[in-house]
Amino acid sequence: MKRIALITSGGDAPGMNAAIRAVVRTAIGRGMEVLGYQHGYSGILLDEFQPMDSKSVGGIINRGGTILQTARCKEFREKEGRERAVAQLRKNGVEGLVVIGGDGSLTGALVLHEEFGFPVYGVPGSIDNDLNGTDYSIGFDTAVGIAVDAIDRIRDTAYSHDRVFVIEVMGRRNGFIAVEAGLAGGAEAILIPEVPYSLPGICDKLRGAGARGKRSSIIIVAEGAGHAAEISPKVAEMTGFDTRYVVLGHIQRGGSPTAFDRVLGLRLGAFAVERLIAGYTAEMAGLVGGRLVGTPLSQILNAPRRVDPEKLLLAEVMAQ
Ligand code: F6P
């Protein structure tokens, strides 16, 4: 393999730049060329690329976002779009594609391989941490850290005013960030899309706690489980507490990656290149039990990842 291409795709995640750096420098070290396409799959369709040398990935390890930029590409969902993408890659002499992204982006990579036999390799980059085949996706640790910092700050003002705060965190389809940040931030309730909840039941508990003298609380809600703006007034009505809400939104995706996400990005990026060179394709690099592994994308993408039931139980016990 003489030339590979690299994209970041889907929602950006802190630590993606570390993975870019590792892909480029590992490939160069193994005598290959790397073309970096801008804006994910859209950039492949538009032939928007630059050859990347070692210097081009200098000074980026501490930066959030992705220097290659990213996009969610509609055209790529159609076979015709994918056909054009493969033709562009082949025209530029690309023999393998590394995709850093979440489940949608890696599904695109798998389809590219299945339909056209194009060699692809996935690197999990998503703050959602909802991919099977790895204990951690790049960006999750940073996003959770940001959410916990926000919870800590909000708890100070919640206590001072005897208020209940509803804090909405990211996670359209899952509650990984909500559970992790809720546990670490000592939330009184954590609402996630995977588990049905009863708001009146939660409000009963808050009222009971209020009767025992606890007059401020934090409710964490993953965006897929409801909107803080709607939940907050309902909680006020059912409990009589003064309530406020905060939507953390994209703040969770920005800023400097944690040391964990930087090292994770470096390890997964380097591993992805080595596996491609060794002839493995349509896999995703992952960290499982502290070890780097490659798992077929077809295994990873056919089932949703479940939140650890032990953590859910712990959250319930802690909320008593
Ligand atoms: O998949 C990552 C993620 O941040 C989700 O948690 C969130 O629901 C979504 O992306 C937001 O997407 P966008 O940046 O396109 O609004």
Side-chain angles (χ1 to χ4, degrees), residues 7-17 19 38-43 63-77 99-110 122-151 166-182 184-185 190-195 220-231 245-258 261 264-265 268 284 286 297 300-301 303-307:
I7 58 169
T8 48
S9 170
D12 62 350
M16 278 183 165
N17 283 328
Q38 295 292 133
H39 298 112
Y41 293 110
S42 309
R63 279 173 60 186
T66 155
I67 58 160
L68 287 176
Q69 301 184 277
T70 183
R72 302 187 200 272
C73 178
K74 281 200 189 113
E75 279 165 285
F76 199 77
R77 294 199 188 129
V99 178
I100 306 170
D103 58 348
S105 308
L106 299 187
T107 301
L110 176 60
V123 175
S126 167
I127 64 163
D128 292 342
N129 206 33
D130 56 349
L131 284 159
N132 292 306
T134 188
D135 294 342
Y136 295 100
S137 295
I138 297 165
F140 175 68
D141 186 65
T142 306
V144 168
I146 294 166
V148 172
D149 180 61
I151 295 168
V166 183
I167 305 175
E168 184 178 315
V169 297
M170 274 188 165
R172 277 178 295 198
R173 288 184 294 266
N174 57 72
F176 290 95
I177 295 177
V179 168
E180 207 73 11
I190 304 171
L191 316 183
I192 62 172
E194 298 94 323
V195 181
I220 301 293
V221 56
E223 59 184 329
H227 295 295
E230 288 162 16
I231 293 171
Y245 72 90
V246 175
V247 178
L248 296 184
H250 290 79
I251 288 171
Q252 292 156 101
R253 286 221 313 242
S256 187
T258 58
D261 275 329
L264 181 69
L268 295 179
M284 186 193 81
L297 285 168
I300 286 168
L301 299 168
R305 184 172 175 203
R306 304 255 166 247
V307 174

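Order of listing sets the numbers, starting from 1, for every ligand and every atom in it. Treat the numbers as computed from the prediction; the structure is a model and nothing was measured. FYI, side chains are in, hydrogens and waters are out, and symmetry mates aren't considered; it's all heavy atoms of this structure.
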Next item on the list: Mark the output for His250 as yes if a heavy-atom distance to ligand 1 is under 4.0 Å, and as no if none is.
Entry: yes
Note to self: The test is side-chain contact (heavy atoms from CB on, under 4.5 Å); show your working for Leu110 and Leu301 and say whether it passes.
What the structure shows: CA-CA 9 Å; Leu110 176 60; Leu301 299 168; 4.1 Å; yes
Notebook entry, point to check: Asp141 and Thr258: side chain to side chain donor-acceptor pair (under 3.5 Å), yes or no, with the steps?
Noted result: CA-CA 7 Å; Asp141 186 65; Thr258 58; 2.7 Å; yes
Next item on the list: Measure the distances from the heavy atoms of Gly102 to every atom of ligand 1 and state whether one is below 4.0 angstrom.
Entry: no
Checklist line | Verdict with supporting geometry, Asp261 and Thr142, side chain to side chain donor-acceptor pair (under 3.5 Å) | finding: CA-CA 7 Å; Asp261 275 329; Thr142 306; 2.5 Å; yes
Next item on the list: Could you tell me if any non-hydrogen atom of Arg72 lies under 4.0 Å from any atom of ligand 1?
Entry: yes
Check: Is the shortest heavy-atom distance from the side chain of Leu106 to the side chain of Leu131 under 4.5 Å?
Finding: yes
Notebook entry, point to check: About how many Å separate CG of Leu68 and CD1 of Ile7, when rounded to the nearest 0.5 Å?
Noted result: 9.5 Å
Next item on the list: Could you grab the distance from atom CZ of Arg306 to atom CG of Asp130, nearest 0.5 Å is fine?
Entry: 12.0 Å
Checklist line | Atom indices of ligand 1 within 4.0 angstrom of Arg172 heavy atoms, with elements | finding: 1 (O), 7 (C), 8 (O), 9 (C), 10 (O)
Next item on the list: Just jot down the ligand 1 atoms closer than 4.0 angstrom to any heavy atom of Glu223, in number order.
Entry: 5 (C), 6 (O), 7 (C), 8 (O)
Next item on the list: Of the side chain and backbone of Ile127, name the one, both, or neither that has a heavy atom under 4.0 Å from an atom of ligand 1.
Entry: side chain
Checklist line | Heavy-atom nearest neighbour in the protein, as seen from atom 6 (O) of ligand 1, with distance rounded to 0.1 Å | finding: Asp128 OD1, 2.6 Å
Check: Which atoms of ligand 1 sit under 4.0 Å from any heavy atom of Gly171?
Finding: 6 (O)
Notebook entry, point to check: How close does the nearest protein non-hydrogen atom get to atom 3 (C) of ligand 1, and which residue and atom is it?
Noted result: Arg253 NH1, 3.5 Å
Next item on the list: Any chance you could measure Arg305, atom CZ, to Arg173, atom CZ, to the nearest 0.5 Å?
Entry: 14.5 Å
